[in-house]
Amino acid sequence: MKNRCINNQKVRWMTLISLFHLFTFLPINAQPDWTKKATKSVFTLKTFTSNGSMIASTNGFYTGTNGEAVSNFTPFKGAVRAIIIDAQGKEFEVTSILGANDMYDVVKFRVNTPKSQPLSVSTAIASVGSMSWLLPYHEVKNLGGGPVRKAETISGEYAYYTVAMPMTENLVSCPLMNNAGEVIGMMQQPASAKDTLSYAIDARFVDSLKITGLTYNDATYRQTQIRKELPSDLKEANLVLYLSASQMDFTSYVALIEDFIRQFPNVPDGYTARALQEADGSDFASAEKDMQQAIKCSTTKDDAHFTFARIIYNKVIYQSDKTYDAWNLDKALAEIQAANSINPQPSYRQLEANILFAQQKYEEAYQIFSSLTSTDLRNAEIFFGAAKCKEMLRDTTAMLALMDSTLATFSKPYLKEAAPYLWARAEARRNAGKYRDAVTDMNDYETLMAASVNDNFYYVRHQTEIQGRLYQQALNDISRAIQINPQEILYYAEKASLEIRVGMHDEAIATAKECIGLNANNSDGYLFLGLAQCLKGQKAEGISNLQRAKELGDPQADSLIEKYQK
């Protein structure tokens, strides 16, 4: 009896095992009726390097009717080209990347095919215990299946499946289907060749991948050279266009602009971006054609006229050596006035003032700058523009007051943005004879720009300090100029001259000898050496050196020789 029970138990276990294998690996005639149709959506993917060498071959499947497809991302790394081979053996090019996620090794892309037959993506997470089927490329007889063991949540709303089913590495990126013929997941790399469990990432997650304005140039996408498709949303595409101008190399950015124009032919931004590139490359005729098109298709024509005026103005001011008769300041003025007539804006008025200034219409430009100080655009640039107008109108008092207003737009302690205006006011104060005030501005400038000031800065401040009778500071600065650039003879001559001026005759003699040591054919060294020696009472040596300076062509030597020979 006991043996009979044991035998019955063995029979039950053998029956369960047989049923499990039957359930997991059903023969083709017992498999779902959607199998043959679904295989038309699965394909082989091959990627290649620039020299044509194949990087990898994998699987993938369509999820959309316009060539949208998914696969694993690894084969795309370093690829410049990719193709798919469908169930009928036809080959089609991959044209663009639509989205990618390196963490889960998945990618969505577009295939250049007149029509694609997609799998239907399930809208719900497959329940644990439900049957699933692995659909391979063109091998329906090997269709395998198994129950879903786990459906772990990822990214809030998607699943990562564990399936009781073994798979080989060559089945990565094949679709995982449910009984209704819907794709629930995309197969991932198995943990090992002997693993009895397989893993798949939710097909909804892969199909949802997309590029946005902020992710377009992410490190993930830089791993492949296959073109990235612009977002279908205009705002996102515009953000890509804006950010890429400073992030892409020239060739890639030009290609991006062309993509934008093809995708959004009735939007002005692509034509404007291309016009800017053409103007930078001195192709002004093409730039004008594109700007006319931008104006034509723009719903905010004032902005297009403003951009055109700015392009023309920049060409006239910064590319004056390039000839293009159709573009001049009158043309720029007409464009900005057209913008102002449609929708007056402070930024438009500022450009108009800049154009008028370039036309030497200083009073008209000043009136605009002055009016802008009462608008939201009130900033350092506006006050500085007004100051430059007053400078050209020779109104020094008003110019200096406006320079003060320029700096008053910044709070202390100053940030680097104030540095150019500090230097401009320093020069204005120096030219107006306000030397000590100029030195104060130069000191503030040095504090802000300590890492980039050079020997010329110290030389200029040294000269300003002399005029302000700040002799010790002047000596310190000329010494710093020499320290930075010890080969500049002028600095030694200036130092020796100042040392003589403040009665430091021994120091002047030493400095003058350094000057001669740098260039024995320069008259300055002999002139200041001879003068210092004469002032110290060494007239014979001094006159000899003054004579040498005379021989080298120094015009001051004669009068000094005459003075000290008496």
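We number each residue from 1, following the sequence as shown. Remember, predicted model here, so these are calculated numbers, not experimental data.
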Can you find a heavy atom in the side chain of [X] that is under 4.5 Å from one in the side chain of [Y]?
X	Y	value
S244	N217	yes
V106	F73	no
I382	T373	yes
L498	M504	no
N443	R461	yes
V267	L234	yes
V94	I83	no
F48	S53	no

Subject >> Within 6.0 Å of NZ in K210, more than 12 heavy atoms from elsewhere >> reply: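 No.
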Subject >> K513 atom NZ: more than 12 heavy-atom contacts under 6.0 Å >> reply: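 Not more than 12 within 6.0 Å, no.
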Side-chain donor-acceptor pair present, [X], [Y], cut-off under 3.5 Å:
X	Y	value
T220	N101	no
S252	D249	yes
Y491	D455	yes
S286	D283	yes
Q367	E363	yes
N112	T95	no

Original post:
Can you check whether F528 and Y492 have ring centres sitting under 6.0 Å from each other?
Top reply: no
Subject >> Output field: ring centroids F369/F384 closer than 6.0 Å >> reply: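 No, too far apart.
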Is there a donor-acceptor pair closer than 3.5 Å between any side-chain N or O of [X] and the backbone N or O of [Y]?
X	Y	answer
N456	N454	no
D218	Y221	no
S320	I317	no
T375	S371	no
E236	P231	no
R429	A438	no
K301	I295	yes
T47	P75	yes
S497	A493	no

Parallel, tilted or perpendicular: which fits the ring planes of [X] and [Y], with parallel below 30° and perpendicular above 60°?
X	Y	value
Y318	Y313	perpendicular
F457	W423	tilted
F260	F264	tilted

Original post:
Taking the six-membered ring of F284, is NZ or CZ of K315 closer than 6.0 Å to its centre and within 45° of its axis?
Top reply: yes
Determine which pairs satisfy side chain to side chain donor-acceptor pair (under 3.5 Å) with at least one residue from [range], sequence neighbours left out, and list them in order.
range	answer
residues 323-336	E288-Y324, E288-W327, H305-E335, D330-Q359, K331-E335
residues 517-528	S523-D554
residues 261-281	E258-R274, D259-R262, R274-D290

Original post:
Quick one: do K77 and D102 make a salt bridge, cutoff under 4.0 Å?
Top reply: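 Answer for the salt bridge query: yes.
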**OP:** Using a strict cut-off of less than 4.0 Å between a Lys/Arg side-chain nitrogen and an Asp/Glu carboxylate oxygen, indicate whether K361 and E352 qualify as a salt bridge.
**Re:** no
Taking ring-ring contact (aromatic ring centres under 6.0 Å, His included) as the definition, give me every residue that meets it alongside [X], ordered by chain and number, with sequence neighbours left out.
X	result
Y216	none
Y458	none
F383	none
Y253	none

Subject >> Minimum heavy-atom distance I500-L535, with the two atoms named >> reply: CG2-CD1, 3.5 Å
**OP:** Quick one: closest heavy-atom pair of A294 and P268, and the distance?
**Re:**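 Looking at all heavy atoms of both residues, the closest pair is O-CB, 3.5 Å.
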For [X], all residues meeting side-chain hydrogen bond (donor to acceptor under 3.5 Å, both in side chains), sequence neighbours excluded:
X	answer
D302	N343, Y348
E417	none
Q350	E381
T215	T212

Subject >> Evaluation steps, salt bridge (Lys or Arg N to Asp or Glu O under 4.0 Å), between K108 and E68 >> reply: CA-CA 7 Å; K108 185 176 181 180; E68 300 92 340; over 6 Å; no
**OP:** Mind checking salt bridge (charged side-chain N to carboxylate O under 4.0 Å, His left out) for R310 and listing every partner two or more places apart, or none if nothing turns up?
**Re:**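 R310 satisfies salt bridge (charged side-chain N to carboxylate O under 4.0 Å, His left out) with no residue once adjacent residues are dropped.
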Subject >> Separation between OG1 of T464 and CG of L470, rounded to the nearest 0.5 Å >> reply: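 If I round to the nearest 0.5 Å, the distance is 10.0 Å.
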Original post:
In a check of side-chain contact (heavy atoms from CB on, under 4.5 Å) between H462 and each of Q473, E494, K495, which one passes?
Top reply: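 Of the listed residues Q473, E494, K495, the side-chain contact (heavy atoms from CB on, under 4.5 Å) partner of H462 is E494.
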Original post:
Applying the side-chain contact (heavy atoms from CB on, under 4.5 Å) test to R425, which of T440, T406, D404 qualifies?
Top reply: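 Only one option passes, and that is D404.
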